[in-house]
Amino acid sequence: WQAGGVAAARRLQEPATTCEENGRWQNLPWVYLTYAERNAWGELGWSEQWWDLAWEANSAAAVATGRCFGGKFLIGESGLDKCLVGELVRTYEDCMNASSEYQLVYPSDLFPLGAPVEDVQGTPGCNVQDRVGFQFNTAQITGRNQGYSPICKFDPATYGGGCPSTTTTTRAPLPAGVDSRSVVPEGVTTCYQDLTVDQQDAVRLLGYSISAWHACMLPAWDPPVCPWPENIPTPEAPCLDHIDYLENKYKMTEPWSALTPRAQTAFVDLGWDAEGLMWNTMDIPVSYSKPFTGQPPPTGLSKTEREAAEFLGYTQDTWHRCETQSECLTRFARLEKKFGTWNWRTMMPSGIQKQLMALGWTEDSWTEGEPPAVYATKWDDLRYPERVAASLLGYTRDSWEGCVMSQCVVRYNYVLAKYKNLKWSDMKLAQQNAWMLLEHSQAMWDQGGMMRTRLFSFRWEELTPAQQRQATFLGHDKGTWQGCNLEWGSDLNETSEPVIYGGEDRTVRAVMKIERPFSEISGNIYGQQVSSMPTSFIEVFERSVARALFCGNPEFKNYTSGAVDSSGNALCKQPDEFERQRRRIRVVSVLEGSILVDFIFVRNQTADEKTSLWLFNALSKQLTSFATPINQDIEFSKFARVATLQEVPLSNWSPEERERALVFERMRGMYSVQNACQLHTDARGSVIKCPTGAAPASRWGSPLGFGLLLALAALQMSGAAAR
């Protein structure tokens, strides 16, 4: 299928506004086209007679147009084992001389002659493997000459002492009644989309892109105006659109026989077998895991493989699955969708199953959806067969490693789309187990899907390592788990200090009860609507309450469309003050029972700041009037107008009770498993029941006791600070 002499890239998507391709054919006679070129142009309607007339060619001129060199050598007709001009070069020495002479005239155009070969599928003697290089074939009887051109040696005296010049060649006149338009076949002036499939193959084989094919129709030929084909992505279209086009054009679900002959030949050059057995089982060749460029073997495609890929329409971007041209999670979701159509026993092609088994999958693990251990390995640490298998299945480096560089909002949308409308019964067993470890259940899923997960009210750090792993397996990371609010629950300072006694400068904890269905925010506690508003209900709450308390907005004003500024944003008269103090509003949790928001007013840090108690009272007052800042807030008004506020204690223990608990915990911390027996000893009777060889007691006692000791110490210090 390769067109010897065609050096231009065969890229279907390559744009072109001018024509350079036609220059290759000017003055070149039909007889000196390669076999593949003649076949392709014949598909488009050319014949030898009209070709030579249209391209101003004759056989004498052709000898001097790039095929005659060294004064006595020329490259013969591709596909023949004889010379039409001169005689075959039959000795290795003459072949070496011809190769050297060619390199002088056309350096780096073809590979120079190497050691002799014995190839029963190649032209005998000295020849050129079309557009590859010189070789000397010692086999004298061969069965295939296609793709090989003989090197011919002629007598210079026949041509006046050397290669004839084309400058004196005159064009033969056209026959009577024939003009230049009439000698051009219809196929050459047909828009690409109107050609047959075989003719389209011929166009690409000859090195034309769609744009170039249209641009190269000479005005003298009276060509049509050709729009871009409707069913083919434009050069500017997203890379994944080109992937979709190629996958649809060369469907592996269609039989091998449905491919055109030229497409079959190109696929064979990429490693598929000629009978189509690999195609029919989707046993993708190893060449598809090679880089598009690079010196083979094994780092890149060979010249033949790359030309085959380009003929089929691949570019470097599409060959590498648009890794650098598209969002990783978009590609990963497409891959998951494809995997979801494969049933191990009934619908999985054996070639795909072979690659999955190379990665450690079994029928049971595939059915249950439990990835093999190798999936925890970094791309660069995979063994070569594993990396090949992963690549042939469609993975790229970034998608194999979980798209860790994707932005939080993109990942959140991916997770939402992945589980939207997904029934519990349609999940893999591994997914069900992961959700159950995250305290989900089928009943909860049936009521509200993913967002009914109880542990969504926990920060990522509050999950156990096992829960974090399962959340990651399900598609989450720290950002998405917290609604892309990575600061939620951090830097709370005194908000974690439970104080119930003290003056007005204490930290105040409150619960706002909002009389609206919990379902209104259950899917958006951490940002369900992130595609249009990348914020969570928690962020909206904290921002809106802080705006009502720190922006200095009018205390009583009814706005037609809510409190907005001239730009349509939420009104804030004192933005600097808002930014300085907004951190003082911190949500602890959002619970069901209507909507219960447990939150904290962080106590003031300076005497100029309003106390937490003042803020609590101010917010309580605002909730009682329709025209207050909180009830006019464009983000929160619908919640505020049906809300009530109540202060709750940070702790139910008094300072005296905390002190007694600390004393007891210090004493309890002196004992461990090794010396707990002393608690059963009668000290007055000096009865020692503990083994004398026991290991010394832990310095801190039990981990639980130590944790409680720290918590009580924190309570003690916070109480003292408040007093």
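- Y250 and W279 form no side-chain donor-acceptor contact under 3.5 Å, judged by distance and modelled atom types alone.
- Here the two rings, on W319 and Y288, have centers that are under 6.0 Å apart.
- Under a 4.0 Å N-O distance rule, the pair E323/R331 does not qualify as a salt bridge.
- Not one N or O on the side chain of S287 forms a donor-acceptor pair closer than 3.5 Å with the backbone of G271.
- Between Y208 and the choices L206, L205, I210, the side-chain contact (heavy atoms from CB on, under 4.5 Å) rule is met once, by L206.
- One distance of note links CZ of F111 with CZ of F134; it measures 13.0 Å at 0.5 Å rounding.
- M405 has its side chain out of reach of C328: every pair of non-hydrogen atoms, C-beta onward, lies at least 4.5 Å apart.
- Every pair passing disulfide bond (SG atoms under 2.5 Å apart) that includes a residue from residues 237-266 is listed here, sequence neighbours excluded: C239-C322.
- With values rounded to the nearest 0.5 angstrom, W366 atom CH2 is found 6.5 Å from W342 atom CH2.
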Practice prompt. May I have the step-by-step check of side chain to side chain contact (heavy atoms under 4.5 Å, CB included) for F332 and S406, ending in yes or no?
Written response: CA-CA 11 Å; F332 189 68; S406 294; over 6 Å; no
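- The line from CG of L359 to NZ of K354 is 12.5 Å long, rounded to the nearest 0.5 Å.
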Practice prompt. Evaluate the criterion side chain to side chain contact (heavy atoms under 4.5 Å, CB included) for residue pair V184 and W46; output intermediate values, then yes/no.
Written response: CA-CA 7 Å; V184 177; W46 282 112; 4.2 Å; yes
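- A donor atom on one side chain and an acceptor atom on the other are not found under 3.5 Å apart for Q193 and N231.
- In this structure, the side chain of E386 engages the main chain of R383 through a donor-acceptor pair within 3.5 Å.
- For the pair W400 (side chain) and T377 (backbone), a donor-acceptor distance under 3.5 Å is present.
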Worksheet item: What do the steps show when you test R204 against E310 for salt bridge (charged side-chain N to carboxylate O under 4.0 Å, His left out), and what is the final call?
Response: CA-CA 9 Å; R204 296 197 313 280; E310 290 174 337; over 6 Å; no
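- Contact annotation: the side chain of L422 approaches that of M427 to within less than 4.5 Å [non-hydrogen atoms, C-beta and beyond].
- The CE atom of M348 sits 11.5 Å away from atom CD of Q355, with the distance rounded to the nearest 0.5 Å.
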Discussion item. I'd like to know whether Y412 forms a side-chain hydrogen bond (donor to acceptor under 3.5 Å, both in side chains) with W481, so could you lay out the CA-CA distance, the side-chain angles of the two residues, the decisive distance to 0.1 Å, and finally the verdict.
Written reply: CA-CA 9 Å; Y412 200 94; W481 192 261; over 6 Å; no
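- Between L270 and P285, every side-chain heavy-atom pair lies at or beyond the 4.5 Å cut-off.
- The structure places OG1 of T189 at 10.5 Å from CG of L44, a figure rounded to the nearest 0.5 Å.
- In this structure the side chain of K428 reaches within 4.5 angstrom of the side chain of Q431, judged on heavy atoms.
- Of the possible donor and acceptor atoms, one in the side chain of E327 sits under 3.5 Å from a partner among the backbone N and O of L329.
- At distances below 3.5 Å, not a single donor-acceptor pair connects side-chain atoms of R411 with backbone N or O atoms of D477.
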Worksheet entry | Residues L392, V388; criterion side chain to side chain contact (heavy atoms under 4.5 Å, CB included); working and verdict | CA-CA 6 Å; L392 297 182; V388 168; 3.9 Å; yes
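- Judged by distance alone, the side chains of N343 and T346 do bring a donor and an acceptor atom under 3.5 Å apart.
- Between the side chain of W435 and the backbone N or O of W445 there is no donor-acceptor pair closer than 3.5 Å.
- Side chains of F311 and E307 form no contact here, defined as non-hydrogen atoms less than 4.5 Å apart.
- Between Q200 and Y192, the shortest heavy-atom distance links the atoms NE2-O, 2.9 Å.
- Salt-bridge check for R345 with E363: passed, with a basic side-chain N closer than 4.0 Å to an acidic carboxylate O.
- Under the 3.5 Å distance criterion, the side-chain polar atoms of Q353 are matched with a main-chain donor or acceptor of W344.
- Scanning all heavy atoms of the two residues, the minimum distance from L474 to Y419 falls at O-OH, 2.7 Å.
- In this structure, the side chains of S289 and R387 stay at 4.5 Å or more apart for every pair of heavy atoms.
- From D269, atom CG reaches atom CG of L301 across 11.5 Å, with rounding to the nearest 0.5 Å.
- Side-chain contact check for T318 versus L246: some heavy-atom pair is nearer than 4.5 Å.
- For the pair L393 and K338, the tightest heavy-atom approach, listed with the atom from each and the gap, is O-NZ, 3.8 Å.
- In this structure, a donor-acceptor pair under 3.5 Å is present between the side chains of T260 and D201.
- Nearest heavy atom pair, residue R321 against residue I243, reads CA-CD1, 4.1 Å.
- No side-chain donor-acceptor contact under 3.5 Å links E401 and Y375.
- The shortest heavy-atom contact between A266 and A308 is O-CB, 3.4 Å.
- Scanning both residues, P371 and W361, for their nearest heavy atoms gives CA-CH2, 3.6 Å.
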Fill in: From CA spacing to verdict: side chain to side chain contact (heavy atoms under 4.5 Å, CB included), V415, H476
CA-CA 7 Å; V415 175; H476 281 285; 3.5 Å; yes
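- For R397 and D380, the salt-bridge test passes: some basic side-chain N is under 4.0 Å from an acidic carboxylate O.
- Between R262 and D198 no salt bridge is recorded (no basic side-chain N to carboxylate O distance below 4.0 Å).
- Of the charged side-chain nitrogens involved, at least one lies within less than 4.0 Å of a carboxylate oxygen, so that D244 and R334 count as a salt-bridged pair.
- Distance alone, capped at 3.5 Å, places no donor-acceptor pair between the E368 side chain and the S365 backbone.
- Using a distance-only test at 3.5 Å, with no hydrogens or angles considered, no donor-acceptor pair links the side chain of H242 to the main chain of D317.
- Residues Q316 and T293 are in side-chain contact: their nearest non-hydrogen atoms beyond the backbone lie under 4.5 Å apart.
- The backbone N or O of P261 sits less than 3.5 Å from a side-chain atom of T265, completing a donor-acceptor pair.
- With respect to E305 and K290, a salt bridge is recorded, a charged nitrogen being found less than 4.0 Å from a carboxylate O.
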